[in-house]
Every structure is written in structure tokens, then in C-alpha cells.
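Heads up, the thing below is written out as C-alpha cells.
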Amino acid sequence: MIVFRYLAREVLSSMFAVTGILLLILVSGRFIKYLAQAASGDLSPDVLLEIMAYRIPGFLELILPLGLFLGILLGYGRLYLESEMVVLKACGISQKRLVSYAMGPAVFTAALIAVLSLWLSPLGAERTVEIFNEQKSRSQLESLTVGRFQEYAGSQNRVSYTDSVTDDGALGRVFLTEVTDEGVPVVVVAESGRKSREAEDGQEYLVLTKGARYEGIPGEAKYTESSFGRYGVRMPQPEIRSGVTKVAAKPTAELIGSESVEDQAQLHWRFSLPILALVVTLLAVPLSKVNPRQGRYARMLPSIILYLFYLTLLSTARSQIEDGKLDVYVLYAVHLAFLVLALNMLFAGRYWAAVYNRLPIPRLFGRAKA
């Protein structure tokens, strides 16, 4: 029991450290993306932290298997490097016992991933979609930034500017430019403006007062100038992307009763993540064995490549299932293939090492070096 607690502490401390670093990197990158949307006026700055909080479960369900994998590599690798593993094996700790000890943190992590993927992550994704839908319903006037020229996608290259916005939504001096369907630039300036909603179609308009409208191509003498006391400009709805699909936001119970291939792909992907954590644990235990002369990180790069290959196959299979080209059992076939690989590395490692040593490749390299 003392050895189990010692090994579990080594694995979990390394896992939490790696997970924290990876989570910080991923959250920072996503936050920068959302911050750019807020700077352009598509998102309200008030919802950024709320969005990130709801996205964290979705990040953790993908990061935790990798954190566990690297945690075992680092934790057990340190024991091999400092010859502590030699002492443990001399005291009767076999390879099977090491695997059983590693499965303790693995089961805990797999249970945590199951809670995240089956419950918390869909709940957070659903709330994220709701927030982004609320942000899409905001008009461009509500997202105007005072003292800044602001461009809006999907609105004929429209750029707007205002020098002030009051609490009741009234605008100060307004500058507005856009391009017509014929490619002719239009510039509108006004002393003030206010938002107005038409009752018939529910469309929002920017109503400008006391201004002028200029239409024409720069460099040509032919242009139109008109003054107005009141002028209405239709405001298109903003287009923003949440990065969360509607399928990811569906509760697991709803996916179970669905016959859609996308829903089934999402459901079995959620089941696959806890299985991924258990399989990579069996892979990590033999991969963590290093020669003290090689250093702690000798097998780190090949191990990470193997993990990425595993995850890439799962992601590709999921995409093919969503397209209706493969059956959902392909996901479990990928798990089974890597499970067989892990068992071979655990219980037939010496056999494969002996086969490799009999090949002429090592001797040829030895002669080349000589």
C-alpha cells in the first residue's frame, strides 16, 4: 500500500502539472481568439470570462488523457533514472504489479473524464451556444466602440464611427461608409443617431438626423450629394462563431435515443475518451522504461508521436462516422488495436527485443560507426 501511494503520488503530481500547463496554453489561445472578437465588437467583453469557464470542461476531457500519459512517462521515468525502479523490482515488484499500481490513477482519471465528457462538457457547450446566440441577437449599435472605426462582416464592407454613446443608446456625431451592389462607395455623415426597430419585420435601423449622403467613385467628377433631416440605415445582424457545434451541446441522454449518424458519432466519441485514458496507461508503463544513461526524456518524443497517432486515428474514424462512411464500431476497433499493442509491449517486450537484436540492422549500424 505504501508503494502504491508513492507511485500514485508521482504519477498524479506529474499529471496535474502537465495538465495545468496544457490547459493554460489552450485557454490562452482560445481567449485571444474571443478577445479579438470582442475588440471587433462581435462579442461583449462582459461575457468573455463566462464563456471560458463553460469551455474548460471540454478542454479538460481532451487534455487529461494526454496529461495522464505524460504523467506516467515522467513519474515512472524518474524512478528508472534514479534506479528506484531497480530497487522496487529487487523487492519483488513485478511488471504486472507496476501495471496494477498505474491503473489506480488511470481509473480515477477515466472516471473524471467520463463525468466531463458525458455531463459537464455538454452542459458547458450548451450554455456556450446560448451565450453566442444572445450575442448574435445584439445589433451593431449595441456593439459600437466609441472613437473607433468599426468594420462589420457580411454588411457590404460597412464601416461606422461615432464619437459618443449615451446610456439610453443615443449616438453623437456619426460617420458611416459602405459599398453598394454596383460597387459604388457611399459616405454618410450626421450630427446624431438613434436605434429604431420596425414593428413589421423586427429589423433594426440606425436613424440619423441632420446630415448628408455622398455617393460616387473617387477620382471621378460624377457623384451625388444629398442632405437629409432624417435618414434610416438597415443594420445587419453580426456573424460570430462559437467554436462549439450543436451536436456537442446535446445531452448524452438525448444522443442515446437518436438515430442520426452525427449524434451516434458524438455519443461514442464521449464513450471513447475514458477508454483512451485506460489504454494509454497500458502503453505508458512499458514506454516509461529508460536507461539511466539515456536520460529521462529519451523515449518522450516517440511516445508522444505514438499518442498523437492514436488520437488522430480516433478523430479520423469519428469524422468518417459522421459522414456515414464507417460504422461506430470502428472507434472501438482502434482502441482494441492499441490495446493489443500495449499488451504486446507489456508481456512480450523481451521477445520482441530479442527478435530485434537478431536482426542484422544493429550490427550493420555498429560496423558503420566503427
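Heads up: numbering here begins at 1 and tracks the sequence.
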* To do: Might you point out which heavy atoms bring A125 and A248 nearest each other, and give the distance in Å?
  =>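 Here A125 and A248 meet closest at CB-O, 3.7 Å.
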* Asked: If you take all heavy atoms of L12 and P105, which pair is closest and at what distance?
  -> CD2-CB, 3.8 Å
* **With sequence neighbours excluded, residues passing side chain to side chain donor-acceptor pair (under 3.5 Å) with S260** =>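 Listed in chain order: nothing, the list is empty.
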* Asked: Sequence neighbours excluded, which residues qualify as side chain to side chain donor-acceptor pair (under 3.5 Å) partners of T252?
  ->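 Side chain to side chain donor-acceptor pair (under 3.5 Å) list for T252, sorted by chain: R270.
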* Is the F132 to Y34 ring centre distance short of 6.0 Å? -> yes
* Asked: How are the rings of H268 and F271 set relative to one another: parallel (under 30°), tilted (30 to 60°) or perpendicular (over 60°)?
  -> perpendicular
Is it true that a side-chain atom of [X] and a backbone atom of [Y] form a donor plus acceptor pair closer than 3.5 Å?
| X | Y | value |
| --- | --- | --- |
| D163 | R173 | yes |
| T281 | A277 | yes |
| S192 | L171 | no |

* Asked: In the hydrophobic clustering that connects Ile, Leu, Val, Met, Phe, Trp and Tyr at side-chain heavy-atom distances below 4.5 Å, which members other than V261 occupy its cluster, ordered by chain and number?
  ->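 Noted: V261 shares its cluster with no other residue.
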* Asked: Which residue pairs pass the salt bridge (Lys or Arg N to Asp or Glu O under 4.0 Å) test with at least one member in residues 322-349, sequence neighbours excluded?
  -> R318-E322
* **Pairs touching residues 80-105 that satisfy salt bridge (Lys or Arg N to Asp or Glu O under 4.0 Å), sequence neighbours left out** => R78-E82, R78-E84
What side-chain donor-acceptor pairs closer than 3.5 Å can you find for residues 17-26, not counting sequence neighbours?
unit_1, atom_1, unit_2, atom_2, d
T19, OG1, M15, O, 2.7

